[in-house]
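Working notes, beginning with the structure itself.
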Amino acid sequence: MTKKKLPGTTPGGLQSNQGYNSSMTSITSPEYGTSSLERYLLWALLYDAQFRELFPEVRRSDFQRVEIYDFLAEHYRKGTDETGLIKDFRLHFPTVAETIDKENHESLPSYYGLLEEVRRESEELLRERLLTLRNPEDAIKEVERFNADRHGIRKAKVKYLSATELMEKEFEPIRWTVPGLIPEGLILLAGKPKVGKSWLALHLCHAVAFESGGYALGQIEVEPGKAVYYGLEDSERRLQERLKGISCGLPIPGNLFISNHLERLDTGGLEEIEAFLEDNPETRLVVIDTLARVKPRTRRNTDAYETDTEIMGGLQALAMRHGVTVLVVHHMRKNVKDADDVFDGVLGSTGLTGTADATVLVQRGRQSKEIVMHITGRDVEEQQLSVKFDLSDRVPFNLMGTTEEVHMSDTRKEILEYLAENGLTGPKELSKALGKNYSTTKVMLRKMLADGVIVSENGKYKKP
């Protein structure tokens with residue numbers, strides 16, 4: 001198409017930031033639903049090489065017929081060349097294209113002045129439409145529609161991978177703060193008061209912070225690094241006493257940092273942790289004790305799940321950015337026994353456990369000084385471990401084994417003691433006397449028989 005002068009203008013008459021002579025236009029064109037200003041802008045977008053540079057600045061509300069904008073935006077996203085764009089435009093909007101052909105337009109040094117005039121015109125048309133509306137609700141809807149269209153081309157900001165690209169990626173192995181138990185990421189450590197969860201959290205920090213590497217739970221060697229413990233429910237005096245207690249005579253590691261102050265996460269707390277991690281890139285473990293001290297204050301009419309997810313999401317993102325473990329100490333509900341799943345006993349909504357990469361629940365065990373750790377997570381095998389907690393030992397936390405194994409040993413002892421006192425006994429009588437499950441008792445008796453610790457006579461059992 002030959003580029004021609006626009007009637008009533010001179011070449012270069014539309015400069016950047018200069019107004020177009022609106023008296024030369026008809027603001028509305030009922031037949032086509034476009035104004036001459038708008039058609040001039042369309043001509044520029046279709047036929048001028050500046051199309052690629054100009055179009056992202058154009059808004060949907062700049063067009064009276066928004067379907068024209070949507071059409072152009074779709075081709076822009078696809079990267080259609082100029083020839084293909086013009087051909088498809090003529091196919092979809094033949095009447096508008098024919099009108100543009102009859103008008104005389106020319107290239108300009110800049111189209112931003114024209115774009116500003118089109119924008120002012122679209123606002124004037126909005127005011128005219130509002131004057132014709134008698135119902136205030138219709139006027140509000142019209143303004144809302146106009147404002148909703150005041151955006152440029154919508155482009156995806158998220159980077160997407162094809163399934164093939166994802167499968168071709170190679171990732172570093174998962175880093176574990178405590179191998180097999182606590183991976184990097186966001187960890188929720190929950191338990192009832194006085195069960196030992198704060199002691200356990202400080203013990204993990206103590207183990208990580210040894211320069212040569214320490215041992216978690218007395219047996220699991222951990223990779224050394226720095227650790228920071230935010231003990232927000234204790235004074236410095238109490239933190240000192242607790243640190244002495246957890247050390248049990250061992251040296252105090254220099255890579256362990258302690259603070260009893262941290263702002264709430266939405267008022268500077270998150271930024272404070274980030275600053276510490278940036279200053280100390282060797283950090284492996286961050287403990288916040290407790291979550292209640294840093295949670296944003298409850299706002300009215302807010303959804304608990306969304307709030308908890310937002311809180312945990314911020315901490316999880318921080319952990320992933322720095323490749324560390326952020327362990328958050330939290331409480332459990334009083335009526336844990338009523339929960340179908342032990343993890344349902346965590347205080348708060350499921351947004352807490354649902355967002356955490358792993359959850360560790362601490363409960364008192366059957367034996368004296370035993371605590372049971374229930375562990376579940378995305379990268380950790382679900383398990384129950386029995387740990388001996390005794391501050392008088394050189395190793396205050398000592399892994400005893402899986403809870404099933406530990407308690408099974410107790411059951412063996414009870415069975416042997418009963419058979420020693422009562423002689424030949426059947427499984428039903430034995431399970432009733434010990435208050436055990438009948439099926440479980442039968443399985444245990446078979447295992448003990450296979451191990452040679454008991455003998456069988458006519459379906460009953462006794463000590464050899």
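Numbering starts at 1 and runs along the sequence shown.
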Rounded distance [0.5 Å steps], CZ in R129 versus CG in D138: 13.0 Å
Salt bridge or not for D266 and R297, using N-O below 4.0 Å? no
Between the side chains of T402 and Q383, does any donor sit under 3.5 Å from an acceptor? no
One thing to verify: whether E142 and R145 come together as a salt bridge, which I'm taking to mean a side-chain N less than 4.0 angstrom from a carboxylate O. yes
Side chains of S431 and T441: is there a donor and an acceptor less than 3.5 Å apart? no
Sidechain N-carboxylate O distance under 4.0 Å for R120, E117: yes
Could you pull out the closest heavy-atom pair between A209 and P253, with the gap in Å? O-CB, 3.4 Å
Is it true that Y69 and F55 have ring centroids separated by less than 6.0 Å? yes
Taking the side chain as C-beta and beyond, is there a heavy-atom pair between H322 and V286 under 4.5 Å? no
Over all heavy atoms of both residues, which pair between P251 and F210 is shortest? Give the atoms and the distance, please. O-CZ, 3.4 Å
Which label fits H374 and F343: parallel for a plane angle under 30°, tilted from 30 to 60°, or perpendicular past 60°? perpendicular
Ion pair check, E429 and K432, cut-off under 4.0 Å: no
Pick one: which of T353, V195, V346, L188 meets side chain to side chain contact (heavy atoms under 4.5 Å, CB included) with L361? V346
Ion pair R77/E74, N-O distance below 4.0 Å: yes
L385 side, atom CG; L181 side, atom CG - distance, nearest 0.5 Å: 6.0 Å
Member of E274, E184, E278 meeting the salt bridge (charged side-chain N to carboxylate O under 4.0 Å, His left out) criterion with R321: E274
Between R150 and E123, is there a side-chain N and carboxylate O pair less than 4.0 Å apart? yes
Hey, are the side chains of Q316 and D357 touching, using non-hydrogen atoms and a 4.5 Å cut-off? yes
Does D393 come within less than 4.0 Å of K369, counting only side-chain N to carboxylate O? no
Decide yes or no for D149 and F63: does some side-chain heavy atom of the first lie under 4.5 Å from some side-chain heavy atom of the second? no
